[in-house]
Trainee: 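I'd like to ask some things about the structure below.
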Amino acid sequence: MDSLSDKVAIVTGASKGIGVGIATALAAAGARVAMNYSSDRDGAERAAQAIIDKGGKAIAVGADVSKVADVARLFKEVDSAFGRLDVLVNNAGVFRFGAFDKITEESFHLHLQHQRSRSDSHRAGGDQAVRRRRREHHQPQLHRRIASRGRSSVVRSTKGAIETLTKGLALELAPRKIRVNAIAPGHTETEGNIAAGTFEGSAGAVLAGKTPLGRLGRVTDIAPLAVFLASDESAWITGEVIRAGGGLVVAT
């Protein structure tokens, strides 16, 4: 499969879970991939090396995408390594959730502050992509990936803000041939969910039972959607939030 041959992609939060899955799938489709990490350098470098071992091209780049200056440095490093940018997948995020009355003040403000910083980094990423569009003759495609992790009202509020930003950016950037879409996964088996105890005991079975397709999501259910949205096959799609949750949305 070479639907992304000669394309260059950045995947943030690509040291584990869905981020690694998306980066690996993009590379398998022919893209050169920059795998961003904030703290798990070993995880990102292992994933990048796995891509290289299979004949692909990948680098691991450390940057805190909640900081605009780090985002600018990330793009500069990708420029230096690959000379261009076609696809941006914003995957990194804070992973804490729970019932509203159990959310601490520190955790609440962490989510809101991260959301504001993440919005800034999205804007910075869009700005970087637009600058490259002006400088180059190819048409970069800017994508948003949103992970819905749990039923926390705080998490939902921040995800809702990103969905709104996705739609607004899609309208603003469409004249420049930059497409902006989002993927909203359902309950997915990732290292983050497992570490948070999301599926402990009978919780996993209960969540699977509520899902019409009868199981939890897998990273391999999500990654192909990112490849599709990054390819020319989705050239007529922008401003959309694609929900991949086994039918859970229509069942609730």
Trainee: Decide, yes or no, whether a salt bridge links Glu163 with Arg243 under the criterion of side-chain N to carboxylate O below 4.0 Å.
Mentor: yes
Trainee: Got a sec, which residues hit side chain to side chain donor-acceptor pair (under 3.5 Å) with Arg73, two or more places apart in sequence or on another chain?
Mentor: Glu77
Trainee: Phe75 and Tyr37: same hydrophobic cluster, using ILVMFWY side-chain contacts below 4.5 Å?
Mentor: no
Trainee: Got Asp42 and Arg46 here, is their nearest side-chain heavy-atom distance under 4.5 Å?
Mentor: yes
Trainee: Do the side chain of Thr166 and the main chain of Ile162 share a donor and acceptor less than 3.5 angstrom apart?
Mentor: yes
Trainee: Less than 3.5 Å apart, any donor N or O on the side chain of Glu189 or Asn193 sitting next to an acceptor on the other?
Mentor: no
Trainee: Could you measure the distance from the CG atom of Leu4 to the CD atom of Glu233? Nearest 0.5 Å is fine.
Mentor: 9.0 Å
Trainee: Minimum heavy-atom separation for Gly246 to Pro212, with atom names?
Mentor: O-CD, 3.3 Å
Trainee: Donor-acceptor check, side chain of Asp40 to backbone of Gly43, threshold 3.5 angstrom: yes or no?
Mentor: yes
Trainee: If you measure from OG on Ser15 to CE on Met35, what distance do you get to the nearest 0.5 Å?
Mentor: 8.5 Å
Trainee: Mind listing the closest non-hydrogen atom pair of Glu45 and Ala60 along with its distance?
Mentor: CG-CB, 3.8 Å
Trainee: Taking the side chain as C-beta and beyond, is there a heavy-atom pair between Thr24 and Val20 under 4.5 Å?
Mentor: yes
Trainee: Quick one: CD on Glu240 to NZ on Lys167, what's the gap to the nearest 0.5 Å?
Mentor: 8.0 Å
Trainee: Less than 4.0 Å between a side-chain N and a carboxylate O, is that true for Arg215 and Asp221?
Mentor: yes
Trainee: So Leu85 and Asp79, do their side chains get closer than 4.5 Å, heavy atoms only?
Mentor: no
Trainee: Any link between Leu225 and Ile237 through a network of hydrophobic side chains (Ile, Leu, Val, Met, Phe, Trp, Tyr) touching at under 4.5 Å?
Mentor: yes
Trainee: Any heavy-atom pair between the side chains of Ser3 and Val227 that's under 4.5 Å?
Mentor: yes
Trainee: What is the minimum heavy-atom distance between Leu216 and Gly204, and which atoms define it?
Mentor: CD2-O, 3.9 Å
Trainee: Do the side chains of Asn181 and Ile242 get nearer than 4.5 Å, heavy atoms only?
Mentor: no
Trainee: Is there a side chain to side chain contact (heavy atoms under 4.5 Å, CB included) between Val33 and Ile22? Walk through the geometry before answering.
Mentor: CA-CA 10 Å; Val33 183; Ile22 289 177; over 6 Å; no
Trainee: Which atoms form the tightest heavy-atom contact between Ala223 and Gly21, and what is the distance?
Mentor: CB-O, 3.4 Å
Trainee: How many angstroms lie between NZ in Lys57 and CD1 in Ile52, if you round to the nearest 0.5 Å?
Mentor: 10.5 Å
Trainee: Using a 4.5 Å cut-off on heavy atoms from C-beta on, say whether the side chain of Val89 contacts that of Leu26.
Mentor: yes
Trainee: In this structure, which one of Ile10, Asp70, Asn36 forms a side-chain contact (heavy atoms from CB on, under 4.5 Å) with Val65?
Mentor: Asn36
Trainee: Taking all heavy atoms of Gly13 and all of Asn91, pick out the closest pair and write down the distance.
Mentor: O-ND2, 2.8 Å
Trainee: Please step through side chain to side chain contact (heavy atoms under 4.5 Å, CB included) for the pair Thr190 and Ile194, ending with a clear verdict.
Mentor: CA-CA 6 Å; Thr190 65; Ile194 293 171; over 6 Å; no
Trainee: Do Ile59 and Phe82 have side-chain heavy atoms sitting under 4.5 Å apart?
Mentor: yes
Trainee: In Å and rounded to the nearest 0.5 Å, what is the OG1 to CG distance from Thr12 to Leu88?
Mentor: 7.0 Å
Trainee: Would you mind reporting whether Val87 and Val8 have side-chain heavy atoms less than 4.5 Å apart?
Mentor: no
Trainee: Would you say Glu172 has more than 12 foreign heavy atoms packed within less than 6.0 Å of its CD?
Mentor: no
Trainee: Does Thr188 reach the main-chain N or O of Val219 with its side chain, forming a donor-acceptor pair under 3.5 Å?
Mentor: no
Trainee: Taking all non-hydrogen atoms of both residues, which atom of Ser234 and which atom of Ala230 are closest, and how far apart?
Mentor: OG-N, 4.3 Å
